[in-house]
Amino acid sequence: MVASDKSFDLLIVGGGINGAGIARDAAGRGLKVLLVEQDDLAAHTSSASTKLIHGGLRYLEQGELRLVRESLVERGRLLGIAPHIIAPLEFVVLQSGAPRPQWLVGLGLLIYDRLGGRGRLPRSRTIGLGDHPLAAGLRDPRGKAFVYSDCRVADSRLVVLNALDAAERGAEVRTRTRFVRAERRNGQWLATLSDRAGEERVRAKVLVNAAGPWVGELFDRIDGARPGRAVRLVKGSHLVLPRLYQGEHAFVIQNPDRRVVFAIPFERDFTLVGTTEAGWHGPPGNPTIDQHEIRYLLDTVTRTFARPIGASDIRWTYSGIRPLIEDGAKSLSRVTRDYVLDLDLGRNNGGSGGAALLSVFGGKITTYRRLAERALQRLAPIYPRLPGPWTGASALPGGDFSGTLGDYRERLLELYPDLPASLLERLAASYGSRTRPLLGGARVMADLGEVFGSDLTQLEVDYLIANEWARSADDILLRRSKLGLHVAEGTAQRLDAYVRSRLAAGSAS
C-alpha cells in the first residue's frame, strides 16, 4: 500500500461520458481533478450507444418535454463544439403499416421542430415514397413518410476528447485503475485505488460516483454511503450488417410492438441496426447479444428492406447496459432517460461531515454536457469562488477549425497531395484540427511508419498511445476508431504486440 500525499478537489469514478464530461467542466473551472476508470475510457455503455445526438422524438410520447427540449438545445451546442465527430443526419420515418397514425407522428414532429428552435438543422417535412431517392432499398416503397434531422456521433471519441480536454486543463486521468474503497476522514475522502503497480491512497474533498451501470454497486465500497435512487439496468444490442441501401440517410422503423428501431449508415460499407431493450440482472461488464435479440432485429430488417439478410451476414454485434432511473414504468421503453444528481454532504455520518458524495443516476449521451454543468452547480456551495459555466461555447480538441469539415478536408488534401484521400478524410473526421500536428512533417506514406491495415499507421498508433490512453488493440480498433470492421484477420494480435512493445519501451526509459 502506497500512502500518497496527493489531494484533489474532485475524485471522479467512471470514465464514461458523464465522468469525462464532469472532469472537463471541473478542470476548466480550476479545480484539481482525478478521474479513474477501471478499464478503458468509454469501454462500456458509452461506446455501446446508437451513435446519435438527438432530442429523442419518442420521448414526446411519454410527455418528457423538458428532457426533449434540453436534448435539442444540447444537440446544437455539441454540433458547434465538436463538428469533426458530430454531423447532421436525415431520418426517414416510415409510416406504412406503422402502429402510430400519421397525424400523431406529424404532430410530434411539429412539436419537435418548435422545441429545437431555429438551429442549423432543417425542419421536418413529408415526402411521398414511390421512386423518391430516399426510398431506395425499401421492400415496399409505398405511401408517405416523414423526414427530420438529428445528428450522428463517434460516441467513444466524444468521451476521449472530453477526457483529453480535461487533462490539458490540468486533470489527472488514470485508466486501468480500480476504485477499491473510500472513507470520510477529517472532512475529506480517503480513497484507495488499485492499478498494475499496486494500491495507492489519495485524498479528495468531493467524490463523484459516475460509474454508470456500477453506480449502485459502488455504494458498497463507500463507507457510510446510501444510494439515493434505485437503478434499472437495461441491455441494448445492435447489429452491424452489409449496406442495406444507398444514401447517407437513416430510417426510423416502427415495429408492431410500438418499439422503434434505427437503420443508420455506418463506417461507409455497413448499416447499423438497433436497438433492443431487455432487462438485465447480471454483472454489467460484458453483455452480449442473445438469439432473441438477433431474431428481432433481423425480422425488422427483413420486413423493411429488399436486400435478403440472414444471421450469416452479421459483421459485428455489440451490447451495452444502460443504467436507467427506476421510475416504476411497466414497459422498458417507457423508463425515463432523464438523469438525477444526488448530493450527500455527509453531515449526518458520525459527525465527520465535510466530504461530499455526488452520485449520477441515469442520463443519455446527448445531455452529458448539461449534466456536467448541473453537477458543478450542485457543488458550488462547496467551492464558493467557482467560476461560471464555460463548456457550451468552447470547442473540444480538434473542433476549432474554421468553416465546415468538408472545407477542412479540402485544405488537408491540398497540404498533403501525396497521402491517400481516404486516410486524410478519416483523420479529419477523428482528429479535426489536430490532424496536422499528428502528421507533423510526414508527406508520403513511408513517413507514417508501419501500416497495420486499412491505413492505420504506426504514426497514428504512437499518437494514440502517447495522447489518448490507448493500451490495447481493442482501444484503437473498436473505440478510438472503428477500423476493426475493416482490417484483416490477425491485425489485432499484431497491433497488441506493437502496443505492448511501445509501453514496455516507455516504462524502461
Side-chain angles (χ1 to χ4, degrees), residues 10-23 25-26 33-49 67 155 159 162-163 174-175 177-184 189 191-193 204 206-236 277 279-287 319-329 332 335-346 355-368 370-372 374-376 378-379:
L10 254 68
L11 168 58
I12 302 169
V13 182
I17 189 60
N18 290 331
I22 293 170
D25 196 324
V33 176
L34 171 60
L35 170 67
V36 297
E37 162 56 44
Q38 64 182 348
D39 296 308
D40 181 30
L41 296 170
H44 300 289
T45 305
S46 294
S47 60
S49 78
L67 176 61
D155 51 6
V159 177
N162 273 272
R174 300 189 198 173
T175 61
T177 300
R178 186 172 183 269
F179 171 82
V180 179
R181 58 185 174 274
E183 56 183 292
R184 287 181 170 103
W189 289 104
T192 302
L193 310 175
V206 175
L207 176 60
V208 178
N209 179 358
W214 288 270
V215 62
E217 186 261 341
L218 211 70
F219 285 99
D220 296 335
R221 295 185 250 155
I222 302 172
D223 187 45
R226 297 289 181 271
R229 289 275 179 161
V231 174
R232 193 168 184 176
L233 299 183
V234 177
K235 181 177 70 164
E277 288 180 326
W280 183 258
H281 306 286
N286 294 295
S319 303
I321 304 300
R322 308 179 196 121
L324 306 181
I325 299 169
E326 178 58 85
D327 60 1
L332 295 178
V335 179
T336 182
R337 267 55 176 178
D338 213 340
Y339 56 86
V340 169
L341 300 171
D342 183 66
L343 181 60
D344 170 14
L345 296 174
L357 170 63
L358 180 70
S359 301
V360 180
F361 296 91
K364 57 200 286 279
I365 197 166
T366 303
T367 53
Y368 88 88
R370 182 61 179 136
L371 181 153
R374 286 187 169 180
L376 270 294
R378 295 295 304 275
L379 298 176

Looking at [atom1] of [X] and [atom2] of [Y], how far apart are the two atoms once the value is rounded to the nearest 0.5 Å?
| X | Y | atom1 | atom2 | result |
| --- | --- | --- | --- | --- |
| Arg181 | Thr192 | CZ | OG1 | 4.0 Å |
| His281 | Arg232 | NE2 | CZ | 8.5 Å |
| Phe361 | Leu341 | CZ | CG | 9.5 Å |
| Leu207 | Leu218 | CG | CG | 7.0 Å |
| Arg184 | Trp189 | CZ | CH2 | 3.5 Å |

Can a donor-acceptor pair be found, under 3.5 Å and without considering hydrogens, that links the side chain of [X] to the backbone of [Y]?
| X | Y | value |
| --- | --- | --- |
| Arg229 | Ile325 | no |
| His44 | Gly320 | no |
| Ser47 | Ala42 | yes |
| Asn209 | Val215 | yes |
| Thr45 | Ile321 | yes |

How about [atom1] on [X], more than 12 heavy atoms from neighbouring residues, nucleotides or ligands closer than 6.0 Å, or not?
| X | atom1 | value |
| --- | --- | --- |
| Asp220 | CG | yes |
| Arg178 | CZ | yes |
| Arg378 | CZ | yes |

Just to verify, which of [options] counts as forming a side chain to side chain contact (heavy atoms under 4.5 Å, CB included) with [X]?
| X | options | result |
| --- | --- | --- |
| Leu371 | Ile17, Val360, Asp25 | Val360 |
| Ile222 | Val13, Leu357, Asp344 | Leu357 |
| Leu11 | Val206, Leu34, Leu35 | Leu34 |

- Does a side-chain heavy-atom distance below 4.5 Å link Leu193 with Phe179?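 Sidechains of Phe179 and Leu193: in contact.
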
- Query: Should Pro323 and Leu233 count as side-chain neighbours, where that means a heavy-atom distance under 4.5 Å?
  - Reply: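 A side-chain contact exists here, since the closest heavy-atom pair is under 4.5 Å.
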
- Query: Considering residues at least two apart in sequence or located in another chain, which fulfil the salt bridge (Lys or Arg N to Asp or Glu O under 4.0 Å) criterion with Asp338?
  - Reply: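 Asp338 satisfies salt bridge (Lys or Arg N to Asp or Glu O under 4.0 Å) with Arg66 once adjacent residues are dropped.
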
- Side chains of Tyr368 and Asn162: is there a donor and an acceptor less than 3.5 Å apart?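 Result is yes, a qualifying pair exists.
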
